Amino acid sequence: MIRFLFTLGSLLIFSSTLPALEPAEQIDALLAKGYSQLEVQPNPIADDPTFVRRAFLHITGRIPTAEEARDFLNDPSNTKRSKLVDQLVASEGFDHHLFNFYADLLRLETRSRMAGLGWHLWLKDSVRNDRPYDEMVYEMLAATGHVSENSAVGYYLRDRNMLLDNVSNSVQVFLGMRIGCAQCHDDPFKETTQMDYYLLAAFSGGMDFESPFSKSRMVGMLEDYASSHNVPFSRKLIGKKRGYKPEFEPIKRIERDIQHLFTYYQRMEVIETDRQLKLPHDYAYEDGNPGDVLEPDTLYGERLNLADFPNRKAAFASWLTSPENERFATNLANRLWSHAFGYGLHMPLDDWEDTDRILHPEVLDYVTELFLANDFDVRSTLRVLFQTQLFQ
């Protein structure tokens with residue numbers, strides 16, 4: 001289990017009433033302690049030309065213009081590096097670069113009409129308005145409705161009709177746990193069992209991809225056409241491709257034309273049903289039988305009371321994004337470190353099975369605490385990382 005020091009006492013290090021170091025200086029102090037213990041000599045501070053190029057690349061994703069570089073190099077101020085970091089972190093370029101970070105993390109698609117048109121716009125807006133990371137993730141994981149009204153459903157539309165794969169991806173992206181093997185069998189190298197996997201997937205077992213609104217709208221249009229053209233119509237005909245009487249052919253022809261209009265619209269909605277997930281037909285372990293109906297359960301922690309939540313997906317989203325779920329905050333803190341410096345304090349980023357491999361564990365604890373103290377504010381947390389001597 002990851003060492004986790006998030007307590008009321010530890011948060012006091014961020015209080016201005018105590019003689020504590022500024023967060024960036026505190027990180028550097030913890031790193032210096034680690035260097036001493038590991039007998040490592042850190043690299044020297046970069047010169048100004050190197051720093052200005054690095055700052056623009058890492059913070060905005062581009063190199064500085066000639067004018068921007070000259071302005072920085074000609075500035076005689078001793079605080080010009082700190083001012084440049086603040087300027088870039090508050091810039092539109094930072095927003096674009098952070099959007100690309102999220103796009104890679106979430107496997108965002110913008111070319112596929114099936115991946116939720118508008119999801120990328122929702123994501124850009126979330127970055128621009130500094131929406132807390134936990135709120136963003138919660139909204140995606142609990143999302144229902146049509147993408148035209150709730151673009152966060154694009155997260156599920158990205159993996160349309162691939163429930164089990166989506167569960168595996170969610171846990172890997174947001175918790176840093178690889179549980180994909182348990183989809184088919186108990187993982188021989190980890191503690192996750194196939195039952196664990198299916199109990200977690202049961203939170204999304206009632207999810208379906210259809211649009212009741214588009215279907216009702218299509219039925220209404222067909223009824224109007226039948227009434228105005230005096231042709232026979234029956235609701236039982238909707239969706240029927242053959243076996244109907246010849247006199248219904250006129251309305252069926254219109255239905256085919258209308259369906260073409262609704263082709264993509266009707267596939268852009270996520271709804272919650274009463275359907276429950278069952279164990280697969282080839283389930284071979286003694287803790288269950290093929291076809292057993294499953295009650296959702298988390299991978300760790302206490303079992304949730306589903307009656308406390310609007311639906312099962314909302315329960316899953318609440319558990320995963322809770323400040324008490326140490327893996328959620330630590331996983332993103334490590335990813336932000338990698339975003340800032342090019343390498344995580346724990347590698348690989350998406351597999352925390354071996355926590356003995358954490359470089360500078362006290363630093364990771366501190367950055368996690370900082371992230372939580374900032375209420376999951378990504379911009380503020382990255383600003384601190386970019387202000388460190390390590391970044392220089």
Side-chain angles (χ1 to χ4, degrees), residues 1-11 132-144 155-156 163-164 166-183 186-187 189-207 272 274-279 283 285-289 292-334 346 350-355 358 364-365 368-369 371-373 375-376:
M1 186 63 68
I2 301 169
R3 295 192 318 112
F4 196 72
L5 306 178
F6 177 49
T7 64
L8 180 60
S10 66
L11 276 181
Y133 177 71
D134 59 332
E135 289 185 12
M136 289 173 53
V137 176
Y138 177 89
E139 189 167 334
M140 288 187 289
L141 294 179
T144 57
Y155 179 75
Y156 286 119
L163 166 63
L164 296 179
N166 180 271
V167 169
S168 176
N169 288 325
S170 296
V171 172
Q172 188 167 342
V173 166
F174 300 125
L175 299 180
M177 300 172 63
R178 296 181 183 178
I179 63 171
C181 287
Q183 181 175 334
D186 289 358
D187 194 324
F189 305 107
K190 300 178 183 179
E191 297 180 358
T192 310
T193 66
Q194 190 176 14
M195 177 62 79
D196 292 333
Y197 194 103
Y198 271 81
L199 289 174
L200 190 68
F203 281 107
S204 304
M207 184 169 56
E272 187 75 11
D274 294 331
R275 188 177 62 240
Q276 292 179 294
L277 189 67
K278 299 179 180 179
L279 286 176
Y283 191 77
Y285 298 101
E286 295 182 355
D287 55 352
N289 300 304
D292 282 354
V293 175
L294 299 174
E295 286 293 323
D297 196 11
T298 58
L299 290 174
Y300 50 85
E302 297 181 2
R303 181 181 285 270
L304 301 179
N305 182 4
L306 297 182
D308 295 337
F309 304 93
N311 54 56
R312 284 170 282 173
K313 291 211 307 300
F316 172 67
S318 295
W319 166 74
L320 188 143
T321 61
S322 170
E324 298 176 1
N325 188 344
E326 59 189 48
R327 288 184 180 269
F328 178 66
T330 304
N331 174 67
L332 202 277
N334 187 52
H346 181 280
D350 58 359
D351 189 359
W352 286 81
E353 189 69 18
D354 184 5
T355 56
I358 298 176
L364 182 57
D365 287 337
T368 302
E369 294 168 4
F371 188 40
L372 288 165
D375 294 327
F376 294 93

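Owing to the predicted nature of the structure, the values given are computational and were not obtained by experimental measurement.
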So CG of D297 and CD of E302: to nearest 0.5 Å the spacing works out to 11.0 Å
I want to check something: taking the side chain as every heavy atom from C-beta on, are F371 and T330 in contact at a cut-off of under 4.5 Å? no
Closest non-hydrogen atom pair between L141 and K313, with its separation: O-CB, 3.6 Å
Is a side-chain donor or acceptor of N331 paired with a backbone partner of V173 at a separation under 3.5 angstrom? yes
Please check if the side chain of Y285 supplies one atom and the backbone of T193 the other of a donor-acceptor pair under 3.5 Å. no
Between D292 (side chain) and N289 (backbone), is there a donor-acceptor pair under 3.5 Å? yes
Does any non-hydrogen side-chain atom of E135 lie less than 4.5 Å from one of F376? no
What closest approach, in Å, do L175 and N325 show between heavy atoms, and which atom pair accounts for it? CD2-ND2, 3.9 Å
Looking at F203, F309, Y300, which hits ring pair (Phe, Tyr, Trp, His ring centres under 6.0 Å) with W319? Y300
Roughly how far, to the nearest 0.5 Å, is CG of D287 from CG of D186? 7.5 Å
Report the distance from atom CD of Q183 to atom CG of L200, rounding to the nearest 0.5 Å. 12.0 Å
For the residue pair T368 / D365, report whether a side-chain donor-acceptor contact shorter than 3.5 Å exists. no
Just do the side chain to side chain contact (heavy atoms under 4.5 Å, CB included) check on H346 and W352 with the steps written out, would you? CA-CA 8 Å; H346 181 280; W352 286 81; 3.7 Å; yes
If you compare all heavy atoms of A202 against all heavy atoms of L277, which two are closest, and at what distance to 0.1 Å? N-CD2, 3.7 Å
Run the side chain to side chain contact (heavy atoms under 4.5 Å, CB included) test on V137 and F328 for me, step by step, so that the C-alpha distance in whole Å, both residues' side-chain angles and the decisive distance to 0.1 Å come before the verdict. CA-CA 10 Å; V137 176; F328 178 66; 4.1 Å; yes
Indicate the atoms forming the closest heavy-atom contact of L306 with A315, along with that distance. CD2-CB, 3.8 Å
Report yes or no: does K190 contribute a side-chain atom to a donor-acceptor pair with the main-chain N or O of A182 at less than 3.5 Å? no
Verify, without hydrogens or angle tests, whether Y197 (side chain) and L164 (backbone) share a donor-acceptor contact under 3.5 angstrom. yes
T192 vs R178, side chain to side chain contact (heavy atoms under 4.5 Å, CB included): CA-CA, chis, key distance, verdict: CA-CA 9 Å; T192 310; R178 296 181 183 178; over 6 Å; no
From CD (Q276) to CZ (R312), nearest 0.5 Å: 5.5 Å
Measuring from L332:CG to Y133:OH, what's the distance to the nearest 0.5 Å? 4.0 Å
For A314, does its backbone N or O pair with a side-chain atom of S318 as donor and acceptor, under 3.5 Å? yes
Do C181 and F189 make a side-chain contact, defined as non-hydrogen atoms from C-beta onward lying under 4.5 Å apart? no
Value for CZ (R327) from CG (N334), rounded to nearest 0.5 Å, stands at 12.5 Å
Please report the C-alpha distance between I179 and D187 in whole Å, then the side-chain angles of each, then the deciding distance to 0.1 Å, and finally whether the side chain to side chain contact (heavy atoms under 4.5 Å, CB included) criterion is met. CA-CA 8 Å; I179 63 171; D187 194 324; over 6 Å; no
Under the 3.5 angstrom rule, does the side chain of N166 hit a backbone N or O of L163 as a donor-acceptor pair? no
Going by heavy atoms in the side chains, are E139 and Y155 under 4.5 Å from each other? no
Checking R275 side chain against M207 main chain: does a donor-acceptor pair fall under 3.5 Å? yes
When you measure from the side chain of D134 to the backbone N and O of T321, does any donor-acceptor pair fall under 3.5 Å? no
Using atom types as modelled and distance alone, determine if a side-chain donor or acceptor of R303 lies under 3.5 Å from a backbone N or O of P296. yes
